[in-house]
Each structure stands twice: as structure tokens, then as C-alpha cells.
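Throughout, residue positions are numbered sequentially from 1 according to the sequence presented.
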Amino acid sequence: MTVNSNIETTLKSGDTEEWLDLYFTRPLGFFWAKLFARLHVHPNIVTIFSIFLGVGAGFCFYFEDLRWTVCGIFLLVWANIYDSCDGQLARMTGQKTKLGRILDGFAGDAWFFTIYFFICLRLTPVWGVWIWLLAALAGLICHAKQCQLADYYRNVHLFVLKGKSGSELDSSAKVKADYEALRWGNDFIQKLFLYFYIGYTKSQEQMTPSFQHLRAALQAKIGEQSWPEQLRKDFRQGSLPLMKYANILTFNTRAIVLYISLLCFVPWAYFIFEITVMNVLFFYMRQRHEQLCRQLYQNLPTYEASI
């Protein structure tokens, strides 16, 4: 196994990295990645470690005692470092797999499902069923869609910037074909994950009709890997300012608000934040990105003439 020990090679792109990740999460993730590489630990095992840490954090948030809250925050920060580490380790050792990407997404879902569950248990004596309804709206609808779209836009940006090899951009048709090629008897775990991943990618595509239109037109006319250079530049110019919103909608900002709400003993405020502030950013980012794709589609004849 060849190991590349340069931290720069373990990052996806400066365009999509958040400052907190660049100066805190990625360096610590790189430290762990080097250690796990020496121990020959597979990236998927690191992801599983992160699931246990995140679930442990959720359990801690059930208690109103400040010591439990601090312990939970520590575990969630640690889980996020491992979430960074698994991708860095995969890029460092060349062990990137489709299952790893799907498992990575599942890890974040497991963390937050547990966090929502135990916060709701904690608040049920006061809120009754209403806290469960609020959490369902915040988590199953708002949080899920926000993270799906942010993840998709970051991978679209990386795809246009670096091509398929530098991105994890998937299509539901390709995922479905991979799913159908497997057999339950031989590949049960991978097939099970792909079953749910089909729905994940379909949801992403349904939220981005203008990009799907642009992508299909380019694939039919000039091939997906042969986007005109000027088109790539224009896409990056329009997409780059939106990456800050994609980053906000993923983990760091979300986690900081969660920590503050827990430390102030108002955990329900985190759900309100997801439903209000994060949704405003979600719809704004989506509207801007769709508008960009429509403009690029209208200019396709000009781009094609430059090839």
C-alpha cells in the first residue's frame, strides 16, 4: 500500500474547504490518518469508529448536567475529526470506495438521529409530543434536504473543477446499475447501502433540475468529460461564492449552534435554527445555483463554438 504523507494531497480542494476545517479538523484528521495508515486500519473502520463516538455524544446530551454536555461536545468533535480522517486516509492510501462514501454519509445520519432522539427524550416531560414533531420537521425534512443539497453542490463544483476523478458526483442511474449488478447472497452489505443510496441521489437530482438539464445536454453533445474550458471557468466563478453556504449547511455551523444551545440549556433552540435560518440559506443557495445553470445552458452554443 502506497502512502502519500503530504496533507495537501488529502484535501479535496481549497474551493470547498472551510476555514475551521483547514486550521483545526483537517490537521488533526491528518495526524490520525498517518497513525491509522501505519497501523493498516481501513478508512471504513475509522468511519465506524466515528459512528460510535457520535452516538455516544447523542447519549450524553440526554442529561442536563453540564459535565455530560461537555463530554458529549468532546465526543462529537472527536467524531467529526474521524469523519475527516477517513476521507483523508482514503485519499492518502488510495482506498477510496463507493461503500466508503455511502458509509460516511450514514455516519452523519447516525450521529444526528441519536442526538435528536436523546434531546427529545430529555425535553418530553415539558414539551410532550410537540418536541418530537418539532424534531421530525427539523431533522427528517429540513436537515436531511439541507445536507443533501450542500453535499451535491460541493461535488458538482469539484466535478467541474477537477473532473470525475476529483469528485464523488454520482447519478441515480449509475448507482441503480451498480445495485442491480450485485447479488444479495454475495454482497449483502454493499447492496443494502446502495439500495438507500439510490434514493439519496434521486433526491439530490430532483432538487437540481436546471443542473440536470445542463449536464444532460453536455453529455449528449460533447461528452461529460469534455466540458469547454470557458464553461468550466464561468461555472466556477458562479459556483465558488455559493460554497460558503454549502459549508454552513453541512457540519461546523450546525454543530456550533447545537453546542451553544446545549450549554445554554435550551436545546430546542437548535431545532428552531434549522427550520428558520438554515432553510433560508438552503433556498437562497438553491435559487442562485439553478439560475447559474440556466444561464450556462442558454450560452451553450457559444461554448460549443469555442471547442
Next item on the list: Take Phe49 and Trp32 through the test ring pair (Phe, Tyr, Trp, His ring centres under 6.0 Å) and record every step on the way to the result.
Entry: CA-CA 12 Å; Phe49 289 162; Trp32 281 104; 9.1 Å; no
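Asn247 and Asn252 form no side-chain donor-acceptor contact under 3.5 Å, judged by distance and modelled atom types alone. Between the side chains of Asn299 and Gln295, no donor N or O sits under 3.5 Å from an acceptor N or O. No side-chain donor-acceptor contact under 3.5 Å links Tyr152 and Asp170. For the residue pair Ser84 / Gln88, a side-chain donor-acceptor distance below 3.5 Å is found, with atom types taken as modelled.
The salt bridge (charged side-chain N to carboxylate O under 4.0 Å, His left out) check on Glu168 picks up Lys12, Arg101, with sequence neighbours excluded. For Ala269, the side chain to side chain contact (heavy atoms under 4.5 Å, CB included) test picks out Ser261, Val266, with sequence neighbours left out. Judged as a side chain to side chain contact (heavy atoms under 4.5 Å, CB included), and not counting sequence neighbours, the contacts of Ser167 are Asn155, Leu158, Phe159, Leu169. For the salt bridge (charged side-chain N to carboxylate O under 4.0 Å, His left out) test, residues two or more places apart in sequence or in another chain that qualify with Asp178 are Lys174. Every side chain to side chain contact (heavy atoms under 4.5 Å, CB included) that Trp19 has, sequence neighbours left out, goes to Tyr23.
Within a 6.0 Å radius of NZ in Lys162, other residues, nucleotides and ligands contribute more than 12 heavy atoms. Counting non-hydrogen atoms of other residues, nucleotides and ligands closer than 6.0 Å to OH of Tyr195 gives a total of 12 or fewer.
The closest side-chain heavy-atom distance from Leu214 to Arg294 is not below 4.5 Å.
For an aromatic pair to be called close, the ring centres must be under 6.0 Å apart, and Phe118 with Phe61 fails this.
The aromatic rings of Trp184 and Phe188 sit tilted relative to each other, their planes meeting at an angle between 30° and 60°. Between Phe235 and His157, the ring planes lie tilted relative to each other; the angle falls in the 30° to 60° range.
Residue pairs meeting the side chain to side chain donor-acceptor pair (under 3.5 Å) criterion with at least one partner in residues 270-285, sequence neighbours excluded, are Tyr116-Glu274, His143-Glu274, Gln146-Asn279, Arg254-Glu274, Tyr270-Glu274, Tyr284-Arg288.
The two residues Leu75 and Gly56 have their closest heavy-atom pair at CD1-C, 3.8 Å. When all heavy atoms of Ala33 and Cys85 are compared, the closest pair comes out as N-SG, 3.5 Å.
Figure legend: cation-pi geometry between Lys191 and Tyr179, with NZ or CZ positioned under 6.0 Å from the six-membered ring centre and within 45° of its axis.
The distance from atom CD1 of Ile275 to atom CD1 of Ile141, rounded to the nearest 0.5 Å, is 9.0 Å.
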